[in-house]
Every structure is written in structure tokens, then in C-alpha cells.
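As the structure lists them, so they are numbered: ligands from 1, and atoms in each ligand from 1.
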Amino acid sequence: MEHTTAIFPVEPSAQYRWWHHGIIYQVYPRSFQDSNGDGVGDLKGIITRLDYLQWLGVDCLWLSPIFPSPMADFGYDISDYRGIHPLFGNMEDFDELLSEVHERGMKLLLDLVPNHTSDQHPWFLESRSSRDNPRRDWYIWHDGKADGSVPNNWLSVFGGPAWEWDTHTGQYYYHAFLKEQPDLNWRNPEVQQAMLDVMRFWLEKGVDGFRVDVMWHMIKDSQLRDNPPVPNAPGDPANPLYDDYLPVYSTDQPEVHQIVRMMRELTDAYDDRLLIGEIYLPIPKLVTYYGQNNSGAHLPFNFQLLTLPWNSREIASAIDAYEGALPAGSWPNWVLSNHDKPRIASRLGLSQARIAAMLLLTLRGTPTIYYGDEIGMTDVPIPMDEIVDPQGLNMPDMNVSRDPCRTPMQWSPEINAGFSARKPWLRLPYNAARVNVEKQKNDTHSMLSFYRKLIDMRKKSAALSVGSYSPVYSDGQLISYLRQEYDETFLIILNLSHRPAYFRPQNTSYNGIIKLSTEEERIGMHVANVITLAGDEGLLVQIDN
Ligand code: GLC
């Protein structure tokens with residue numbers, strides 16, 4: 001059954017489902033709200049903040065993993081796919097959260113981690129118990145080479161070799177991430193069925209879909225061939241890093257699409273659910289994850305804005321390349337930040353973070369907001385002896401810890417920023433009493449007010465949420481484009497530089513009213529022909545009819 005929506009003055013056609021026009025908000029549960037004073041966020045805490053999320057105007061929450069886990073990779077190492085980690089609460093709390101989310105007309109997505117389990121998962125404990133255990137083939141086991149060395153040159157994303165020796169059974173197992181995260185063997189039909197059963201379990205409970213972790217990693221080359229080195233890689237050959245090789249045999253194998261299709265079929269057997277894939281690949285490869293005739297992921301996460309240098313020409317051409325590469329009938333999406341990458345305000349500075357917000361919320365496609373970006377949270381410097389992220393600990397000289405972008409949400413000037421009654425699991429920034437939701441809520445010039453206005457405009461406008469996209473032009477400073485639906489047209493002009501700029505398209509001009517600007521004072525003004533922008537300014541202009 002397809003659901004339409006009544007949020008627009010003119011109802012969009014039934015082809016749009018909630019996730020076409022909805023806004024996704026990523027919650028990192030450890031850091032959102034602590035309710036029991038143990039310094040770690042939990043489900044009951046999230047429930048107390050749902051009114052805030054509704055006020056903000058987002059439509060869908062995606063929760064990073066909440067399942068039982070030894071927490072070697074903070075929940076991305078799952079030891080029971082059908083439970084709730086006691087740190088976060090219990091199944092009753094989850095049911096309550098789900099129903100509270102639904103009562104507010106919102107949706108809830110879970111994080112599905114199908115590529116690997118925890119090494120403490122009963123499946124792996126069985127698999128490693130003996131070579132003839134029925135679950136041996138559920139993971140990727142292999143003999144060493146004749147000299148006893150690792151089966152091939154694949155490396156772990158988190159540093160070091162991707163093969164771990166198991167003394168007890170005398171073979172290596174493969175782990176794309178930590179050795180505590182052995183990769184499942186997705187060529188085994190029993191593994192496929194077991195994971196589909198996990199999905200079924202949560203779909204039956206009523207969750208609205210999944211964000212699938214490292215979707216492009218799920219199947220590896222059946223012959224386990226060596227990955228080729230990146231030509232002229234700058235790295236140290238004696239101490240190679242993951243990025244020194246092209247992962248052409250360890251990721252993005254053609255067979256992965258059959259698996260994604262199976263996941264999609266199951267998802268589609270339920271009413272109005274959503275399947276998102278986490279995929280870091282260049283655009284031409286990324287879009288193959290929509291699947292033939294859109295039988296793959298509804299939304300293969302598009303990380304262009306998160307990975308590209310912040311340069312107007314590059315961003316503009318990436319937008320157009322992406323729009324141009326989308327298969328017929330597929331729907332775009334955009335992500336600015338997540339729990340694995342530096343925060344947008346730290347990458348770009350606070351002024352450009354507003355431009356980034358305008359881009360995210362005025363482009364065609366489903367936006368995903370990372371918690372805290374709406375108040376301009378920045379990466380928190382974590383002293384070396386407080387680092388807990390395994391990526392940071394394993395590569396201490398590379399400054400790649402993900403802790404700085406995972407710090408507690410800053411709610412208020414109270415103790416621990418209103419996040420917890422006790423010392424939080426990661427420290428807060430020194431300015432938390434100044435930069436928080438409570439302070440920003442009543443300040444019309446704050447980042448939060450800016451986000452809220454943008455979200456509100458997007459939600460009320462068919463042009464901005466589902467309308468067509470057409471580029472106007474870009475240069476060394478500006479990106480500009482039109483969004484249009486019915487008789488409503490918006491012109492968006494974003495200055496990605498710090499210096500003033502002129503919007504001066506050739507052979508055409510636009511007249512209209514400024515509906516939103518990073519410079520509040522300009523709202524309501526009429527503009528025509530050559531439009532002057534301040535440095536770091538973004539304009540949303542409603543074109544005169
Ligand atoms: C994904 C997650 C990341 C995790 C990794 C291994 O990239 O986003 O946080 O460490 O997968 O599961």
C-alpha cells in the first residue's frame with residue numbers, strides 16, 4: 001500500500017512515499033540522552049527527546065546499533081541481533097520508543113550490521129569451535145600460504161592485516177574491520193536466511209526499515225585474489241594501510257546485488273518500509289545499488305557532500321553527475337555528516353556549515369541530518385589518554401579517532417549539558433554551556449533556528465521537497481539551482497567562499513522575493529537581475545510568477 005501525504009497545498013501524486021519527502025535524523029544512542037545516570041545515552045532518554053525532534057521537524061530517526069554487543073566497535077560488533085543491550089534498556093523500552101515515535105507520525109530505522117558479527121556471537125563461537133562444526137562455513141576461513149602467512153594481502157579498514165590466525169583450528173578468518181568483527185560468509189544460503197530472519201523479526205515488530213552497514217562489503221571474491229596496490233601510493237610499503245590498495249576483490253562484487261535484492265524483497269513484503277545502504281563508492285558504482293529496475297536499496301547513501309573538498313565547482317559538478325547518473329525511477333539522497341567522519345562545522349567552519357545546511361535541505365533528495373549538527377556542534381578534542389574509538393587507538397599517529405564527532409548532545413547549560421547526571425562516556429566541549437539547544441531555541445539567529453526554518457520551508461513546499469532540480473550555473477564561488485513543482489519555483493544561490501560574489505547568469509535573469517537567507521535582515525527583500533551576495537551567504541529566492 002502506498003501512502004500519500006497531506007503536507008502540501010496541492011497534494012503530491014501518490015508516487016511519493018514518506019521517505020521521498022521526509023527528513024532522516026541520525027541518533028547515536030550512546031550520546032543522545034542518558035536517563036539512568038550511567039553516563040551513556042539510552043532508549044528511555046531518546047523517548048524524552050522525541051518532542052524536540054518533532055519540534056525540529058524531522059520525520060524519521062535512524063538509530064546506530066542498540067543490540068547486545070561487547071562494544072569493541074561501539075555496537076557495530078553484535079552478539080545478539082534480536083535483543084537490546086542493557087546499557088540502552090530492554091525490549092519493553094524499545095517497544096515504547098517505537099510506539100512513541102509512531103504516535104508522533106514519525107518513523108524509526110534500525111542499523112542492520114549483516115557483514116560481520118561480534119566474535120562473541122554464538123554463531124562465531126560455534127564456527128571457531130572445530131573445522132567440522134556445521135557453522136564453520138558461516139564465516140570466511142582459509143588456510144595460510146605454504147609458509148604459514150596470511151591467505152592474501154587484504155587489510156583491515158581499522159589497520160593491520162584482515163586475517164586473524166586461530167590456533168585452535170589452525171586456519172585464518174577474515175575480518176574487514178576489527179578481529180572482534182569476523183565477516184560472515186554471505187555465499188552460504190544459511191547465513192542469508194539467518195540474516196533475513198533477523199530483518200523479519202524487526203519488521204514484524206513494526207520498525208520502518210534499516211540502514212544497512214557497509215553494504216558494499218558483504219560479498220568478497222570467491223577466489224580471494226590479492227587487491228592491487230594504488231599506483232604510487234604515498235604510504236610506507238613496510239607498513240601498508242587500507243587505502244594503499246584498491247579493494248577491487250574484497251568489496252563491491254557483482255554478487256552483492258543478489259543479496260541486496262533479497263533484502264529489498266523482504267522489506268517490500270511489509271507495508272511502506274525503507275532500505276538504505278551505507279556505501280562509499282564513486283557515483284557510477286554507487287547508483288548500481290539501486291538495483292536493476294530499482295530492485296535494490298531504496299536509498300544507497302550518497303556521501304558526496306561528506307567526502308568531496310568544499311569547492312563550488314567540484315560540488316556543483318558532483319550534484320549534476322549524481323543527478324545524471326540516477327537510474328529512471330530512483331530517488332536521490334544526501335548526507336552531510338555521520339558518526340564516522342568529522343562534523344560538518346569542524347570541516348567547514350560555522351559560517352559555511354549554514355551553507356551546507358541550505359544545500360542539504362534544498363537539494364532534490366532525502367536529507368539525513370546527523371544529531372547535533374543542527375546546533376553547530378563541532379568535533380570535541382579528546383585527550384589522547386581518553387580515546388576509546390578502536391580506529392583511533394589502532395592508528396595513533398593518524399588522528400583518525402571518531403570520538404570527536406560522537407560526543408554527547410548538548411541540550412542545556414546545566415551540568416553535563418543536560419545529557420547525563422553523571423560524567424559522560426566522552427567529554428563535552430568547554431563551551432557546552434554556551435552552545436546548546438536551550439540557548440539556541442530562543443535565539444532567532446542561532447544555527448538551530450536556521451535549521452528549523454529551513455526544515456519548515458522544505459516541508460511546506462512541494463517544490464523544495466519533491467520538485468524538479470535544474471542547475472543554473474556555478475563558478476569559483478557560487479552554486480545555483482532551481483527547484484520547481486506546480487507553479488512554485490525557488491532559486492537557491494549559495495556562496496561557498498568567504499568573499500562577496502555576484503550572481504550573474506548569462507542570457508537570463510531572475511526576479512523574486514528572498515524567503516530565507518543566512519543574513520536574516522535580507523528576508524522579504526525583492527531581488528532582480530544581478531544579485532549580490534555576501535561572503536558565506538546563501539539565498540533562497542521565491543521566483544515571481
Ligand atoms: C560502518 C559504521 C562504522 C563501523 C563499521 C564497521 O562503516 O558506520 O561505524 O565501525 O561500519 O561495522
Side-chain angles (χ1 to χ4, degrees), residues 24-32 41 62-81 85 109-121 124 139-140 154-160 162 164 173-184 186 195 198 210-220 242-243 247 250-252 256 276-281 286 289 297 299-303 306-307 333 335-343 368-371 379 387-395 398 400-407 425-426:
I24 300 172
Y25 183 96
Q26 180 185 357
V27 169
Y28 193 68
R30 293 182 72 90
S31 292
F32 204 57
W62 148 39
L63 304 185
S64 283
I66 51 173
F67 318 103
S69 157
M71 294 282 169
D73 188 20
F74 293 99
Y76 284 92
D77 50 322
I78 296 170
S79 51
D80 172 7
Y81 285 88
H85 196 298
L109 303 180
L110 290 183
D111 214 312
L112 183 77
V113 186
N115 178 69
H116 45 267
T117 67
S118 159
D119 65 346
Q120 299 307 308
H121 194 292
F124 189 68
Y139 293 83
I140 302 173
W154 297 357
L155 295 175
S156 157
V157 176
F158 290 152
E164 181 70 11
Y173 66 86
Y174 174 69
H175 57 92
F177 296 90
L178 298 175
K179 66 175 175 8
E180 292 86 357
Q181 294 168 295
D183 280 45
L184 283 160
W186 269 88
M195 200 55 75
V198 168
F210 303 97
R211 169 269 191 190
V212 181
D213 192 63
V214 296
M215 187 179 258
W216 84 115
H217 271 263
M218 283 195 295
I219 291 233
K220 351 288 169 187
Y242 185 79
D243 289 342
S250 51
T251 63
D252 192 34
V256 74
I276 299 180
E278 184 207 18
I279 301 152
Y280 285 91
L281 285 175
L286 175 67
Y289 284 75
L299 301 176
F301 258 154
N302 165 19
F303 296 128
L306 191 147
T307 50
N333 76 90
V335 184
L336 273 187
S337 295
N338 63 30
H339 63 294
D340 293 325
K341 303 284 177 199
R343 282 194 179 269
T368 299
I369 297 173
Y370 184 49
Y371 85 96
D379 285 345
I387 297 179
V388 289
D389 175 30
Q391 180 166 278
L393 291 171
N394 287 1
M395 295 182 270
M398 296 190 63
V400 288
S401 166
R402 298 168 295 180
D403 295 332
C405 70
R406 296 176 174 180
T407 57
W425 74 286
L426 280 176

Is H116 reaching over with its side chain to a backbone N or O of Y174, donor-acceptor style, under 3.5 angstrom?
no

With distance as the sole criterion, is a donor-acceptor pair present between the side chains of D252 and Y280 under 3.5 Å?
no

If only side-chain N and O atoms count, and only distance matters, is there a donor-acceptor pair under 3.5 Å linking H121 with Y139?
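No donor-acceptor contact under 3.5 Å links the two side chains.
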
For the residue pair Y371 and Y28, categorise the inter-ring angle as parallel (less than 30°), tilted (30 to 60°) or perpendicular (more than 60°).
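Y371 vs Y28 ring planes: parallel.
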
What I want to find out is whether R406 reaches D340 closely enough, with some N-O distance under 4.0 Å, to be called a salt bridge.
yes

Would you give the length of the straight line joining atom CZ of F67 to atom CG of D111, rounded to the nearest 0.5 angstrom?
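Separation between the atoms: 7.0 Å.
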
Residues in contact with ligand 1, criterion: heavy atom under 4.0 Å:
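The answer is D73, Y76, H116, F158, F177, Q181, R211, D213, V214, E278, H339, D340, R402, R406, counting any residue whose heavy atom sits under 4.0 Å from ligand 1.
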
